[in-house]
Amino acid sequence: MSAPARILPERYDPAPVESKWQGVWEGAGAFAAAPLASDGASEPLPERPKAYVLEMLPYPSGDIHMGHVKNYTMGDVVAHQRRRSGAAVFHPMGYDSFGLPAENAAIRTGEPPATVTARNIASIREQMKSLGFAIAWNTEISTSDPEYYRWTQWLFLRFFERGLAERREAAVNWCPKDQTVLANEQVIDGHCERCGTPVELRQLTQWFLRITDYAQALLDDMSELVDWPERVLTMQRNWIGRSEGARVVFRLDDGSQEIPVFTTRPDTLFGATFFILAPEHPLLGHLVEGRPEEAAVREYAAAAARASAADRGDADRPKTGVFTGRHVVNPVNGEQIPVWVADYVLMDYGTGAIMAVPAHDARDFAFAQAHGLPVRRVIAGEGDDAGTPLEEAYTGPGTMVSSGFLDGLRSGEAIGAAAAWLSENGLGEATVGYRLRDWLISRQRYWGAPIPIVHCPEHGPVAVPDDQLPVLLPEVDDYAPKGRSPLASAEDFVRTTCPVCGGPAERETDTMDTFVDSSWYFLRYTAPHLTTAPFDRETADYWLPVDQYIGGVEHAVLHLLYARFFTKVLHDAGLLSAREPFARLFTQGMIYRDGAKMSKSKGNVVAPDEIVSRYGADTLRLYVLFMGPAADDMEWSDRGVEGQRRFIDRLWRLVGGLEPGAPVARPERDATDDPVALELVQKAEATIAKVTEDISERFSFHTAISAVQELVNLGTKCVSEGTAESPAAREALRYASQTAVSLLFPFAPHVTSELWEALGGEDLWRAPWPVADPAFLERESVTVVVQVNGKLRERMDVPVGTADAQMLALARALPKVAGEIEGRAVVREVVVPGRLVNLVVK
RNA sequence: GCGGGUGUGGCGAAACCGGUAUACGCGCUAGGUUUAGGUCCUAGUGGGGCAACCCGUGGAGGUUCGAGUCCUCUCACCCGCACCA
C-alpha cells in the first residue's frame with residue numbers, strides 16, 4: 001500500500017517559504033501605494049474607501065527591536081485586513097534619520113553621520129523585509145535626505161513668514177552632556193530625556209516655534225480625537241495646562257512702573273499681603289538700583305540662575321527669597337505691600353510676578369511663615385469667620401470677608417465680580433493662562449536640518465529664498481559639539497550674503513530639533529518624490545487624516561503634540577484641509593524581559609533576527625500579538641514563542657492532510673444536515689465574525705488569534721477522531737481549513753500563502769476578506785442554564801425561540817431541579833431567552 | 001499631593017450588553033506513538049471533599065432573582081503630572 005499523495009512536505013521549513021513569498025509580493029508590487037503625487041501628472045483618486053495605516057517611523061539604529069516588531073506587525077494586520085476588505089490601503093515606511101546616535105558614532109569613529117545612517121537604514125530595511133511587512137516601499141523616505149529636509153526647511157520658512165518662528169532670548173534648558181539646548185518636552189524631571197544628565201538653565205538666544213499660539217486650538221480639537229487613548233489626551237491636556245484667571249495690574253510705589261500679575265484667584269485680591277518677582281524678572285534691576293538691598297537681591301538672582309532645572313522645580317525645597325525694599329500698590333484697596341524676589345516664581349509662566357495670598361495659597365503660606373510676613377484671611381469656610389486662625393492655607397470655597405466690595409459673596413461668584421471690577425476700572429481683566437511653552441527648536445548639533453536663515457548686520461534674521469533650498473549640511477572635520485554648533489566651524493558655509501541687500505552676512509549655524517522632521521513626514525509619504533512642493537494638497541487631502549496611527553505612549557506630549565501643531569499651521573496656511581493628522585491612535589505596551597525593558601546594557605535583549613532564523617517570521621509575528629492585550633506591557637516568554645510555532649505546525653499538518661484539489665465554496669446552510677459538517681462550518685463562520693471584529697474594531701489581536709486556534713483545533717480533532725468521513729464533512733473540513741488559513745494571513749502571511757496555494761488558491765494577499773454567512777451564526781438549539789436561587793443546578797438544550805413558559809416547564813421537570821424546589825414555594829421565575837432560567841424559592 | 005490605569009488558575013490571559021468564571025496559549029500530570037531524546041497524539045489540570053456538594057475574580061460592604069462586570073469604602077502595584085500663581 002503506497003502512502004497517499006501529500007499536498008505539502010511533512011514538516012514546515014519557514015526560511016524557503018518566507019523568501020519565496022516575499023519575492024512574490026515584491027514582484028507583483030502587491031503593497032505599493034497609489035495614488036501618490038509626483039511631478040507631472042498625479043494619479044487619479046480612487047472611489048473606494050481609503051485606509052491610511054501608519055506606525056511611528058523608526059529611528060534607524062542598526063537593529064530592529066521587539067517593540068518595532070510588535071508595532072509594525074499590528075499595523076500590518078490592520079492594513080492587510082483593510083486591503084482584503086476592499087479599501088485603498090496606504091501603509092508606508094520611512095526613517096527618522098537625523099539625530100544624536102549617528103552623530104555620536106561619528107564623533108567616536110570619524111565616519112560621517114550620513115555614511116553611518118545609510119548603512120543603518122540598509123540594515124533595518126532588510127530586517128523589516130525579512131518580517132514580511134506589507135509596506136509601500138515605493139514611498140520610503142529618510143528625514144536626513146536633502147530632498148526631504150529641503151522641505152522641512154521650506155516649511156520652517158512658512159512658519160517664519162507667519163511670525164510663528166522667532167528668535168528670542170530666554171532661560172532655556174541646556175544639556176551639558178549633549179552640549180545642546182532642549183525643548184521643555186524633552187526635559188523629564190529636570191533631566192535630559194535622551195541621556196539623563198541634569199539639565200541647566202541658561203539665558204540664550206534661540207529659535208522658537210510659537211506653539212503657544214495654538215494652545216487653545218490644540219485643546220479644542222481634542223473633541224475630534226475620539227479614538228485616542230484617554231491617557232494620551234489627559235497628558236496633553238495637563239501639558240497644555242489651561243487655567244482661567246485674571247490679569248491684575250499692580251503699580252510700583254513711586255508710580256514709575258506697572259507690574260501685571262496673572263492669578264487664577266482674583267477673588268482673593270484683598271488677601272494679598274506681599275508681592276513676588278521671579279529672579280529673572282526684567283524690572284528687578286530697576287527696582288533695586290542704588291538701594292541698600294541691591295547687593296543681596298543681585299546675589300540671590302545670580303544664585304537662582306546657577307541652580308539646576310531640577311532644583312528650581314522641586315516643590316519640597318524651603319521657600320527662599322529676599323526683600324527688595326520696594327512696595328507695590330494693590331489696585332483694589334490702595335494698600336502698599338512689600339515686593340520680594342523668590343525663585344519659586346517662574347519667569348516663563350504668567351507674567352513672572354505674582355501677588356501672594358498666604359491665607360489661600362499653600363506656597364505663599366509657606367513663604368509667609370518662613371519670612372514672617374502677615375497672613376490675612378479673606379475667605380471664611382464653613383464655621384469660620386474673618387478671625388478664625390489659619391494653621392495652613394485654606395484653598396476651599398467660602399464666603400468673602402475683609403474684602404471690600406466683595407464681602408458677603410460666595411468665593412466662586414467673587415472671581416467673576418473681581419474680574420469685572422478690574423475691567424471696569426482699567427486695572428486688569430479676565431484672561432487665560434497656559435502651562436505650555438513655545439517649542440525651542442534650535443540645536444547646537446551637526447546632524448539635523450540647518451535652519452534656513454541668514455543673519456544680516458543690516459536686516460537681522462532673513463529667510464533663505466525658497467529657490468536656494470536646501471541649505472545643505474556642510475562637510476566638517478569635527479562633529480563634536482563645543483557649546484556651539486559644529487556648523488559654525490565651516491567658514492565657507494557661514495560666510496554668505498544677505499538675500500535682501502547682498503551685503504556680507506552669516507548663516508544661522510544651529511540645526512533643527514529632529515521632532516520638526518517627524519512633525520510632517522506623514523504628509524511627505526503622499527508625495528515622496530515631488531520636487532516642486534513638500535506635498536500635493538489634493539493627494540494629501542485624499543489620504544489625510546491617518547486612519548489608524550500606532551506607536552508608543554512616550555510620544556504623548558512630544559511627537560504627537562508637535563504633529564498636531566504642524567497640521568494646524570499647515571491648515572491655516574491653506575496648504576491642507578485636515579486640522580488633525582491622526583484620527584485614531586493606538587498606543588502599544590512595551591515588551592519586558594526579566595521584569596525590565598530590553599536594553600543592551602542590561603543584556604536582556606531578544607533579537608528579532610534570532611527568533612526569525614530559529615522559528616520563522618510568522619511565529620514571531622504571531623507571538624508578539626498573542627502575548628496579551630496589545631496596549632499592555634508584556635513579559636517576553638521563550639516558551640510562548642514555541643507555542644505559536646506549534647500552532648503553525650498544527651495548521652500545517654491539518655492542511656497537509658487534506659486531499660489535492662481546488663478551493664471549495666461555503667456550503668449552503670439548507671444543504672448542510674451532516675452534524676460534523678454543520679459544526680465545522682458554524683465554527684468557521686463564527687471565527688470569521690470574531691476575527692473581523694477583533695481586528696477592525698477592537699484592536700484585540702490576541703483573541704483573534706485564539707479564535708483561529710479554536711477553529712484549527714476543531715479541525716484537528718475531527719481528523720484525529722475520524723469523524724469527518726462523509727463527503728459533506730470532508731468538504732466542510734476543507735472549507736474550515738481554508739477559512740483558518742485565510743483569517744490567519746494578516747498575522748502569518750508567509751505560511752498561510754503557502755498553505756493557500758497548496759489548497760489550490762492564488763494570491764491570498766488580495767483574496768477577498770471572508771464575510772460570515774449569518775445563516776450559520778444562528779443556532780437551532782442553545783444550552784440554557786438552570787439556576788435555583790441564582791446557583792447553577794442544571795443545563796438543558798432547548799430549540800432557539802422556545803417560549804418562556806415552555807422553558808420554565810422544562811426546567812422544573814429536570815430531576816435535580818424538581819428535587820430542589822419540592823415542598824418550597826417558588827416566589828419568582830426569571831427567564832432570559834436563550835440564556836437561563838432562574839427559580840427563586842423560599 | 002493631583003490625574004489616569006491595573007489587580008481573575010502555577011504563568012500570559014478570556015469572559016465585549018449584569019446571565020455557564022477561567023476560552024486560547026504556556027507549564028504540569030498520566031497514557032500512547034516513535035524512541036536515545038525531543039517532536040507528535042490522547043486524557044486531565046482553580047481550591048476543598050470519598051461523595052452529593054461547598055468555596056472561589058486584591059479586601060470589606062451594598063444594589064439585584066443573579067455581580068469578575070454596577071455603586072460605596074479600602075489595600076497593593078504601575079504610569080503621567082507636580083512650586084504653573
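When reading the values below, keep in mind they use all heavy atoms of this one structure, side chains included, and skip hydrogens, waters and symmetry mates. It should be emphasised that the depicted structure is a prediction, and the values quoted were computed from it without experimental measurement. Per chain, numbering begins at 1; letters A, B, ... match sequence-line order.
- In the set B:C16, B:C41, B:G27, B:G27 carries the atom at the smallest distance from any side-chain atom of A:R639.
- Heavy atoms from other residues, nucleotides or ligands lying under 6.0 Å from CZ of A:R650 number more than 12.
- When the nucleotides B:C83, B:C26, B:G4 are ranked by their closest atom to the side chain of A:R231, B:G4 comes out on top.
- A:E721 CD: more than 12 foreign heavy atoms inside a 6.0 Å radius.
- Contact check, A:R828 against B:C65: a side-chain N or O comes under 4.0 Å of OP1 or OP2.
- Within the 4.5 Å cutoff, the side chain of A:K690 has no heavy atoms near those of the A:T687 side chain.
- Defined by atom type and a distance below 3.5 Å, a donor-acceptor pair is present between the side-chain atoms of A:W239 and A:E185.
- B:U6 and B:U57 have their C1' atoms separated by 14 Å, given to the nearest Å.
- Using the Watson-Crick or G-U wobble rule with both distances under 3.5 Å, B:C17 pairs with nothing in any strand shown.
- Taking only side-chain atoms of A:D343, from C-beta outward, the nucleotide of B:C83, B:G19, B:A14 with the closest atom is B:C83.
- On the P atoms, B:A52 is 15 Å away from B:G46, given to the nearest whole Å.
- Remark: B:C73 base-pairs with B:G59. Criterion, Watson-Crick or G-U wobble with two distances under 3.5 Å.
- Between B:C78 and B:A15, the two C1' atoms lie 24 Å apart (nearest whole Å).
- As rounded to whole Å, 17 Å separates atom C1' of B:C83 from atom CD of A:E392.
- At a threshold of 4.0 angstrom between heavy atoms, the contacts of A:G640 with the nucleic acid are absent.
- Nucleotide B:C2 forms a pair with B:G80, judged by Watson-Crick or G-U wobble geometry with both contacts under 3.5 Å.
- Nearest to the side chain of A:S720, among B:U42, B:C65, B:A85, sits B:U42.
- Classification of B:G44 as anti follows from a glycosidic angle more than 90° from 0.
- Sparse packing is recorded around CD of A:E244, with 12 or fewer heavy atoms of other residues, nucleotides or ligands lying under 6.0 Å away.
- Nearest nucleotide to the A:P629 side chain, out of B:C83, B:G19, B:A14: B:A14.
- Rounded to a whole angstrom, the distance from the P atom of B:C41 to that of B:C77 is 43 Å.
- In this structure, a donor-acceptor pair under 3.5 Å is absent between the side chains of A:Q644 and A:R621.
- Rounded to an integer number of Å, the gap from CD of A:E829 to C1' of B:G19 is 17 Å.
- Across all strands shown, A:R247 has no heavy atoms under 4.0 Å from either base or sugar-phosphate atoms.
- Nucleotide B:A67 has no partner under the Watson-Crick or G-U criteria, as no pair reaches both atom distances under 3.5 Å.
- Using modelled atom types and a 3.5 Å distance limit, the side chains of A:T619 and A:Y12 yield no donor-acceptor pair.
- Listed nucleotides B:C83, B:C65, B:A85 differ in distance to A:V840; the shortest reach to its side chain belongs to B:C65.
- For A:T234, whose side chain is taken as the heavy atoms from C-beta onward, the closest listed nucleotide among B:A85, B:A82, B:G3 is B:G3.
- Checked against a 6.0 Å centroid threshold, the rings of A:F274 and A:F367 count as neighbours.
- The distance from atom CG of A:D632 to atom P of B:G4 is 18 Å, rounded to the nearest whole Å.
- Comparing the same atom, P, in B:G59 and in B:C65 gives a spacing of 25 Å after rounding to whole Å.
- Contact between the side-chain N/O atoms of A:R237 and the OP1/OP2 oxygens of B:C2 is not found at any separation under 4.0 Å.
- Across all strands shown, A:R312 has heavy atoms under 4.0 Å from base atoms, whether or not it also approaches the sugar-phosphate.
- Side chain of A:K791, nearest nucleotide from B:C55, B:A21, B:A23: B:C55.
- With a 6.0 Å cutoff to the six-membered ring centre and a 45° limit on the axis angle, A:K319 counts as a cation-pi contact of A:Y344.
- In this structure, B:A51 forms no base pair with any nucleotide, since neither Watson-Crick nor G-U wobble geometry is met with both distances under 3.5 Å.
- Here A:D267 contributes atom CG and A:I379 contributes atom CD1; the two are 4.5 Å apart, rounded to the nearest 0.5 Å.
- Between A:S637 and A:R11, the residue anchored nearer the 5' end of RNA chain B, judged by the nucleotide with its closest heavy atom, is A:S637.
- Applying the 3.5 Å distance criterion, the base of B:C81 shares no donor-acceptor pair with the side chain of A:N238.
- Residue A:S243 has a polar side-chain atom (N or O) positioned under 4.0 Å from OP1 or OP2 of B:A85.
- Of the P atoms belonging to B:U72 and B:U63, the separation is 15 Å, rounded to the nearest Å.
- B:G18 atom P lies 14 Å from atom CG of A:L836, rounded to whole Å.
- In this structure, A:H702 reaches the B:A14 phosphate: one of its side-chain N or O atoms is under 4.0 Å from OP1 or OP2.
- Applying the Watson-Crick and G-U wobble criteria (two distances, each under 3.5 Å), B:C40 pairs with B:G32.
- Counting non-hydrogen atoms under 4.0 angstrom, A:E697 reaches nothing in the nucleic acid.
- B:A13 and B:U22 have their C1' atoms separated by 9 Å, given to the nearest Å.
- Protein atom CG of A:N184 is 9 Å distant from nucleotide atom P of B:A82, rounded to whole Å.
- The CE atom of A:M634 sits 14 Å away from the C1' atom of B:C26 (whole-angstrom rounding).
- Contact annotation: A:N713 side-chain N/O to B:G25 OP1/OP2 distance is under 4.0 Å.
- For B:A76 and B:U8, the C1' atoms lie 16 Å apart once the distance is rounded to whole Å.
- Judged by Watson-Crick or G-U wobble contacts below 3.5 Å, the nucleotide B:G10 has B:C26 as its partner.
- Which of B:C65, B:A85, B:G27 sits closest to the side chain of A:R646 comes down to B:G27.
- Among the protein residues, A:V557 comes within range of no part of the nucleic acid, since none of its heavy atoms lies under 4.0 Å from any strand.
- In this structure, the nucleotide among B:A23, B:C81, B:C79 sitting nearest to the side chain of A:R435 is B:C81.
- One finds a side-chain N or O of A:R698 lying less than 4.0 angstrom from the OP1 or OP2 phosphate oxygen of B:A15.
- When each of A:D311 and A:E635 is assigned the nucleotide of RNA chain B bearing its nearest heavy atom, the one mapping closer to the 5' terminus is A:E635.
- Regarding A:D633, its CG atom lies at a distance of 8 Å from the C1' atom of B:C78, rounded to whole Å.
- Nucleotide B:C17 is shown with a syn base, its glycosidic torsion being within 90° of 0.
- Rounded to whole angstrom, the span from the NZ atom of A:K717 across to the C1' atom of B:A23 amounts to 14 Å.
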